Amino acid sequence: MTLQALDTFANNGSRSTSPLAAMRIALTLVESASTEALRQRAAQVLGNGLGLDCAECLYVEGSGRWLGRDDDAAQFDCSDFSHPYAHVIRSGKAITLSVGDARTRLDHAEFQSQVAHFAGAKRLQVRPLRAQDGEQEWLGVLLMVGEEDTFTTLDEDPGMAAFEALLCRLWARLSREQGERHRSRALRDSLVKLNDGARRQALADQLSAELLGQSSAMQALRRQVVRAAETNLAVLLQGETGTGKDRVARAIHQFSARAKSPFMAINCAAIPEALLESELFGHAKGAFSGADQAQEGLISQADGGTLFLDEVGDMPLALQAKLLRVLESGRYRPLGASEERCADLRLVAATHQPLREHIRTQQFRADLYYRLGQFPLNLPPLAERRDDIAQLAQSFINDFCLREEREEVGITPAALRLLKQRDYPGNVRELKNLIDYACAMTPQGADIDAYVLPGEQEVESSRASTPQGNSMAFTLPNDIDDLRQALRDVETAIIRQRLRHFGGNRAQAAASLGLPKRTLAHKCQLLELDTK
């Protein structure tokens, strides 16, 4: 390819000694920043240079099965011979025919719409465009429509060959560069996503110190808390009583952009209706009897931070309407005040009430429900995360010992087994109260055993209560199929009752059973009644 050849083409095939026209053509193509721009410029140069009615570059898309156009969504199947492009791609040779013949011989709807407005006497030529390096892959085809004499000598014109060679070389280079940029962008995007995912996972792992548990339910909850904290959406926490909604609310605040601003909380069910509005919105001096001075409400105090409304399902309907206005406009009016105020806060609400049912019974506003629930979070009950009970129990034991300045307390396998089998209508809160009681009832130097757990003592007492007092009464089942296990269960119950009776003193329990202390200690170990 030479400038003289380009110059020949630039002057419609007439020889000229001026290289400037060829240089302009080359620069016009070389300066294209993308394959789309290159195709448009090449079509414009051809149309202007040859006086064509139409000049258009179609491209072969990535799979090699389709030809596409830059200006619309039309696609041409490379194996569909109802249009001329398939013939050119298959043969690798240009074809020339009249528009009239094309209308008669080819019935592809998209192609017919391309040439519908041209006169039948016009000629059209379709030329293949192929990269000349590497695997010589197909780039696309060139469609030209014009007068018949325009195409008579075009195949022999060195200017046309030079133009096509330059076009294909630039096209192939830009395709490679765009492909590399696309791959780099995809890699960068994937790394960003990976980094975001790793960052969120690291934050979720940090939360494991506040929201205890390694069950799948708790891991999923911690990830949701991190995602909620990244937004400024109102969060609605729903779950059974005792599932830790207050802890989740504080975690959302702690990991949000508002962490350095106030976190204000109020239990809507614990405050009388007459005082709740004043607590939330504040009041001016003299707003009501006893209002001797103005008072800032929690909405004002939470400005810039987070307001947590626990048990929002118990909020009176009249107050729900006022809360909705705060959420929608950020404006509120304290009781007795003459001017409105603005508040920028993030709202987290929680309830164990079935709000949808309350909406049906007109106890809760539907519009407030949907406004509160921009980011809904459901907290799992303890029954769905029993694998976390051992970790939770140990954490509560540690808290008790630190709070009460007690020596370290352990827990026996038998006690843990019973804890995992219990029902917890009060969820984690109930488990904590149970552990606190068991710690208080466990003698110094001993570990929590099953007999000190609330409920277990009553069971053992009922089993032990007979007219003789110290004798044990058992109701033996009729379906015993393992005598050894049945005897083991009876022995376990007797030893547990004696240990309970003597406050965990093994020496006294052993003496009452006529056993050496060492023998009783060994049995406790075998029966998993004591880790000592």
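In this text the structure is predicted, and so the values were computed from the model without any measurement. Values below: every heavy atom of this structure, side chains too, minus hydrogens, waters and symmetry copies.
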Subject >> Under the ring pair (Phe, Tyr, Trp, His ring centres under 6.0 Å) test, residues paired with Y369 that sit two or more places apart >> reply: none
Original post:
More than 12 non-hydrogen atoms from neighbouring residues, nucleotides or ligands closer than 6.0 Å to CD on Q293, yes or no?
Top reply: no
Subject >> Donor-acceptor side-chain pairing of E311 and H352 below 3.5 angstrom >> reply: yes
Subject >> Side-chain touch V348/L309, heavy atoms, less than 4.5 angstrom >> reply: no
**OP:** Begin from the C-alpha positions of E328 and L368 and carry the test side chain to side chain contact (heavy atoms under 4.5 Å, CB included) through to its verdict.
**Re:** CA-CA 10 Å; E328 292 181 339; L368 179 59; over 6 Å; no
Subject >> Side-chain donor or acceptor of N267 paired with backbone N/O of A269 under 3.5 Å >> reply: yes
Original post:
Taking the inter-plane angle between the rings of H108 and H83 on a 0 to 90° scale, is it parallel (under 30°), tilted (30 to 60°) or perpendicular (over 60°)?
Top reply: perpendicular
Original post:
Minimum heavy-atom separation for A450 to A415, with atom names?
Top reply: N-CB, 3.7 Å
Original post:
Do R65 and S79 have a side chain donor and acceptor closer than 3.5 Å?
Top reply: no
Subject >> E273 atom CD, neighbour heavy-atom count above 12 within 6.0 Å >> reply: no
**OP:** Report the C-alpha separation of M315 and K322 in whole Å, then their side-chain angles, then the decisive distance to 0.1 Å, and conclude whether the side chain to side chain contact (heavy atoms under 4.5 Å, CB included) test is met.
**Re:** CA-CA 11 Å; M315 179 176 286; K322 294 183 178 182; over 6 Å; no
**OP:** Rounded to the nearest 0.5 Å, what's the gap from CD1 on I389 to CZ on F396? Could you check?
**Re:** 10.5 Å
Subject >> Which atom of F308 lies closest to which atom of A350, heavy atoms considered >> reply: CE1-CB, 3.6 Å
Original post:
L520 and A510: which non-hydrogen atoms are nearest, and at how many Å?
Top reply: CD2-N, 3.4 Å
Original post:
Should R258 and N232 count as side-chain neighbours, where that means a heavy-atom distance under 4.5 Å?
Top reply: yes
Original post:
Any donor-acceptor pair under 3.5 Å linking the side chain of D80 with the backbone of S82?
Top reply: yes
Original post:
For the side chain of R331 and the backbone of R341, is there at least one donor-acceptor N/O pair under 3.5 Å apart?
Top reply: no
Original post:
Do any N or O atoms from the side chain of R403 and from the backbone of N398 form a donor-acceptor pair under 3.5 angstrom?
Top reply: no
Original post:
How about L307 and I299: do any of their side-chain heavy atoms sit closer than 4.5 Å?
Top reply: yes
Subject >> Check: S329 side chain, V326 main-chain N or O, donor-acceptor pair, under 3.5 Å >> reply: no
Original post:
Can you name the nearest heavy-atom pair linking L499 to Y451, along with the distance?
Top reply: O-OH, 3.9 Å
**OP:** Starting at CD of E36, measure out to CG of L174 and round the result to the nearest 0.5 Å.
**Re:** 9.5 Å
Original post:
Do L382 and L431 have side-chain heavy atoms sitting under 4.5 Å apart?
Top reply: yes
Subject >> Check: D344 side chain, D303 main-chain N or O, donor-acceptor pair, under 3.5 Å >> reply: no
**OP:** Go through the side-chain N and O atoms of T351 and Q353 and say whether any donor and acceptor fall under 3.5 Å apart.
**Re:** no
Subject >> Heavy-atom side-chain contact between D77 and W66 under 4.5 Å >> reply: yes
**OP:** Take K432 and D436 through the salt bridge (charged side-chain N to carboxylate O under 4.0 Å, His left out) test and state the conclusion after the steps.
**Re:** CA-CA 6 Å; K432 181 181 184 306; D436 285 347; 3.0 Å; yes
Original post:
Got a donor-acceptor contact below 3.5 angstrom from the S208 side chain to the D205 backbone?
Top reply: yes
Subject >> Donor-acceptor contact present, side-chain S300 to main-chain E296, <3.5 Å >> reply: no
Original post:
With a 4.5 Å heavy-atom cut-off, do L355 and L236 have their side chains touching?
Top reply: yes
Original post:
In this structure, are over 12 heavy atoms from other groups packed under 6.0 Å from R247 atom CZ?
Top reply: no
Subject >> Sequence neighbours excluded, every pair satisfying side-chain hydrogen bond (donor to acceptor under 3.5 Å, both in side chains) that has a member inside residues 212-228 >> reply: S215-D388
Subject >> Straight-line distance of Y332 OH to F281 CZ, nearest 0.5 Å >> reply: 9.0 Å
Original post:
Between NE2 of H253 and OG of S261, what distance do you get to the nearest 0.5 Å?
Top reply: 7.0 Å
Original post:
Do T412 and D447 meet the criterion of a side-chain donor-acceptor pair at a distance under 3.5 Å?
Top reply: no
**OP:** Answer yes or no: is there a donor N or O on one side and an acceptor on the other, between the side chain of T306 and the main chain of A302, under 3.5 Å?
**Re:** no
Subject >> Non-hydrogen atoms of L212 and Q391 that approach each other most closely >> reply: CD2-NE2, 3.9 Å
Subject >> From S175, S32, C57, residue fulfilling side-chain contact (heavy atoms from CB on, under 4.5 Å) relative to L38 >> reply: S32
Original post:
Would a distance-only check, ignoring hydrogens and angles, find a side-chain to backbone donor-acceptor pair under 3.5 Å from R346 to T231?
Top reply: yes
Original post:
Roughly how far apart are Q363 CD and E357 CD, rounded to 0.5 Å?
Top reply: 8.0 Å
Original post:
Is there a side-chain contact between I266 and E279, using heavy atoms and a 4.5 Å cut-off?
Top reply: yes
**OP:** Take L276 and L319 through the side chain to side chain contact (heavy atoms under 4.5 Å, CB included) test and state the conclusion after the steps.
**Re:** CA-CA 9 Å; L276 184 57; L319 203 52; 3.5 Å; yes
Subject >> Nearest non-hydrogen partners of G213 and M218, listed with the distance >> reply: O-CB, 3.7 Å
Original post:
With the threshold set at 4.0 Å, does a side-chain nitrogen-carboxylate oxygen contact exist between D399 and R406?
Top reply: no
**OP:** In plain terms, say whether K245 and D310 are close enough for a salt bridge, that is, a side-chain N and a carboxylate O under 4.0 Å apart.
**Re:** no
Original post:
What's the verdict on side chain to side chain contact (heavy atoms under 4.5 Å, CB included) for I411 and L419, showing C-alpha distance, side-chain angles and the deciding distance?
Top reply: CA-CA 11 Å; I411 185 167; L419 287 176; 3.7 Å; yes
Original post:
What distance separates I397 CD1 from L402 CG, expressed to the nearest 0.5 Å?
Top reply: 13.5 Å
Subject >> Electrostatic pair R333-E339, nearest N-O below 4.0 angstrom >> reply: no
Subject >> Any E61 side-chain heavy atom under 4.5 Å of L67 side chain >> reply: no
